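In this text the structure is predicted, and so the values were computed from the model without any measurement. Quick note on labels: first sequence line is chain A, next is B, and so on, each numbered from 1.
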There are 2 protein chains.
Amino acid sequence: MSTEPHLPQSETRDRILDAAERLFMEHGFEGTSMRLITGAANANLAAVNYHFGSKDALIQAVFRRRMTALNEARLAALDRLEAEAGGEAVKPSRIVEAFFGTALELAADAEHGGNTFMRLLSRTYNEPNAFVRQFLAEEYAEVMDRFLGALFRALPGVPRDEIMWRFHYMMGAMSFAIAGIESVYATAGLPCTEEEPSRMRPRLMSFLLGGLRAPLPDFGAAATD
Amino acid sequence: MSTEPHLPQSETRDRILDAAERLFMEHGFEGTSMRLITGAANANLAAVNYHFGSKDALIQAVFRRRMTALNEARLAALDRLEAEAGGEAVKPSRIVEAFFGTALELAADAEHGGNTFMRLLSRTYNEPNAFVRQFLAEEYAEVMDRFLGALFRALPGVPRDEIMWRFHYMMGAMSFAIAGIESVYATAGLPCTEEEPSRMRPRLMSFLLGGLRAPLPDFGAAATD
DNA sequence: GTCTATAATCCGATAGAC
DNA sequence: GTCTATCGGATTATAGAC
């Protein structure tokens with residue numbers, strides 16, 4: 001622990017965010033009551049409404065705290081790659097590294113809640129919750145536009161909808177990678193040895209690039225375009 | 001004999017299962033109240049406890065109704081492949097087809113709720129809900145044991161933990177494939193054209209096999225054994 | 001089997017003292 | 001900022017009439 005130049009404005013506020021992040025990840029939004037959150041954060045029940053206004057506003061605060069930095073890091077990484085390429089298309093493997101590698105770096109940080117947040121984000125991605133989906137779509141808009149555009153330029157011979165599907169599949173693989181493999185070991189009846197975190201990134205990247213570069217599907221006789 | 005000009009209704013129990021399946025998929029377990037379920041099923045609130053005993057028992061009934069058939073179909077497909085192979089190892093692509101293709105066939109059945117169920121199953125897979133995880137682990141035990149074993153024999157040069165991770169990644173990709181790609185189009189600001197369902201299977205299979213057959217990851221300088 | 005009514009508990013939010 | 005107390009509404013589950 002290093003000495004910090006200034007203490008946070010409200011440590012109660014941060015404790016609530018930490019507790020909410022973990023409990024939302026474990027039990028979902030509807031399954032996590034404000035009493036559970038404030039209890040875990042050693043705070044008073046009324047503190048949530050004082051600091052955030054409502055439970056929905058707390059949910060947004062939990063995401064905003066880390067999403068901005070994550071997506072800015074992704075955009076910075078892509079900026080760097082495009083500057084190095086100097087007008088040429090960036091290699092697909094570098095684009096995938098910039099998007100998913102940045103996320104894995106955050107997920108590798110278990111001490112400061114990065115892993116918890118990435119698991120929450122993965123879980124939330126497919127939750128058809130109205131206002132959370134809207135919020136995430138806005139947060140992701142620029143990043144998705146830039147990275148899909150880079151992949152379109154990097155793979156000019158591949159149909160764009162095919163690229164979007166494969167990007168979607170890659171998100172699913174990353175989501176499960178972050179969630180952990182305990183379920184596979186558990187259902188297979190095998191003991192789950194603790195995975196070396198540094199192995200996750202090359203492991204996942206090999207799979208993602210293999211899938212992205214796979215031969216295009218054959219839709220059968222009907223497809224002629 | 002009476003003709004049936006009245007409600008073409010199935011049993012109340014089945015209507016409850018159908019409504020619960022859909023609402024659990026849309027709002028999660030905790031986000032779905034029994035009032036919402038019985039309201040959508042045109043049933044009385046007390047009917048859930050009469051037919052199932054409790055909300056948790058209803059959740060298990062929703063899964064049991066379809067999981068047994070799905071996993072039996074998977075095992076039957078693998079039995080067929082192993083019989084054809086006659087002692088030789090089954091090709092990895094056939095094993096992947098048997099496991100994930102069977103799931104996609106159920107997901108392609110939108111009229112009888114198969115698609116709804118597969119979306120629910122995908123959503124539930126990573127939900128760290130205690131009793132649901134335990135239940136699913138038991139349901140999956142035999143299938144996972146058989147299919148992982150088949151992959152181990154089909155890929156004798158690949159470390160077993162690597163195969164398990166790639167199987168886990170494939171589950172994630174399938175999960176997102178079934179959940180739909182609307183989110184990608186939405187965050188990219190593009191209109192989402194309705195996808196031809198028959199294209200999903202070859203699309204996903206190309207990606208899965210590309211990932212499964214990808215070069216093994218290089219864990220870096222530390223590995224020297 | 002279906003229904004009404006209600007018990008017992010939990011929820012998010014807020015008023016107001018300090 | 002933190003706390004107690006509480007409101008109004010929602011939840012699961014059950015008792016009992018028909």
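Close to C:dG12, at under 4.0 Å from its OP1 or OP2, lies no side-chain N or O of A:S54. Here B:S33 reaches the OP1 or OP2 of D:dT11: one of its side-chain N or O atoms lies under 4.0 Å away.
Taking atom CD on B:E30 and atom P on C:dT9, their separation rounds to 19 Å, with Å as the unit. If you measure from atom NZ of A:K55 to atom P of C:dT14, you get 15 Å, rounded to the nearest angstrom. Taking atom OH of residue B:Y50 and atom P of nucleotide D:dG16, one finds them 17 Å apart after rounding to whole Å. The distance from atom CZ of B:F52 to atom P of D:dA13 is 13 Å, rounded to the nearest whole Å. Look at CZ on B:R15: it is 13 Å from P on C:dG1, rounded to the nearest Å. In this structure, B:L36 places its CG atom 19 Å from P of C:dC11, rounding to the nearest Å. Atom CD of B:E11 is separated from atom P of C:dT2 by 7 Å (rounded to the nearest Å). Atom CD1 of A:I59 is separated from atom C1' of C:dG12 by 12 Å (rounded to the nearest Å).
The side chain of B:L45 lies closest to D:dA13, out of C:dC11, D:dT11, D:dA13. Closest to the side chain of B:N49, from the set D:dA5, D:dT14, D:dT2, is D:dT14. Closest to the B:H51 side chain, of the nucleotides C:dT2, D:dT2, C:dA13, is C:dT2. Side-chain proximity of B:M34 to C:dG12, D:dT2, D:dA13: nearest is D:dA13. In the set D:dT2, D:dA13, C:dT4, the nucleotide with an atom closest to the side chain of B:N44 is C:dT4.
Where A:A46 and B:A47 meet DNA chain C, the nucleotide closest to each residue was compared, and B:A47 sits on the side nearer the 5' end. Toward the 5' end of DNA chain D, the nearer of the two residues A:R35 and A:N42, judged by each one's closest nucleotide, is A:N42.
At least one donor-acceptor pair closer than 3.5 Å links the side chain of B:T32 to the backbone N or O of B:L23. Put simply, the side chain of A:H168 never gets that close to the backbone of B:V184: no donor and acceptor are under 3.5 Å apart.
The shortest side-chain heavy-atom distance between B:L148 and B:F152 falls under the 4.5 Å cut-off.
Residues passing the side-chain contact (heavy atoms from CB on, under 4.5 Å) test with A:L81, sequence neighbours excluded: A:E84, A:V90, A:R94, A:A98.
Here the two rings, on A:F100 and A:F167, have centers that are under 6.0 Å apart.
Residue contacts for A:T32: at a heavy-atom cut-off of 4.0 Å it reaches the sugar-phosphate backbone alone, with no base atom in range.
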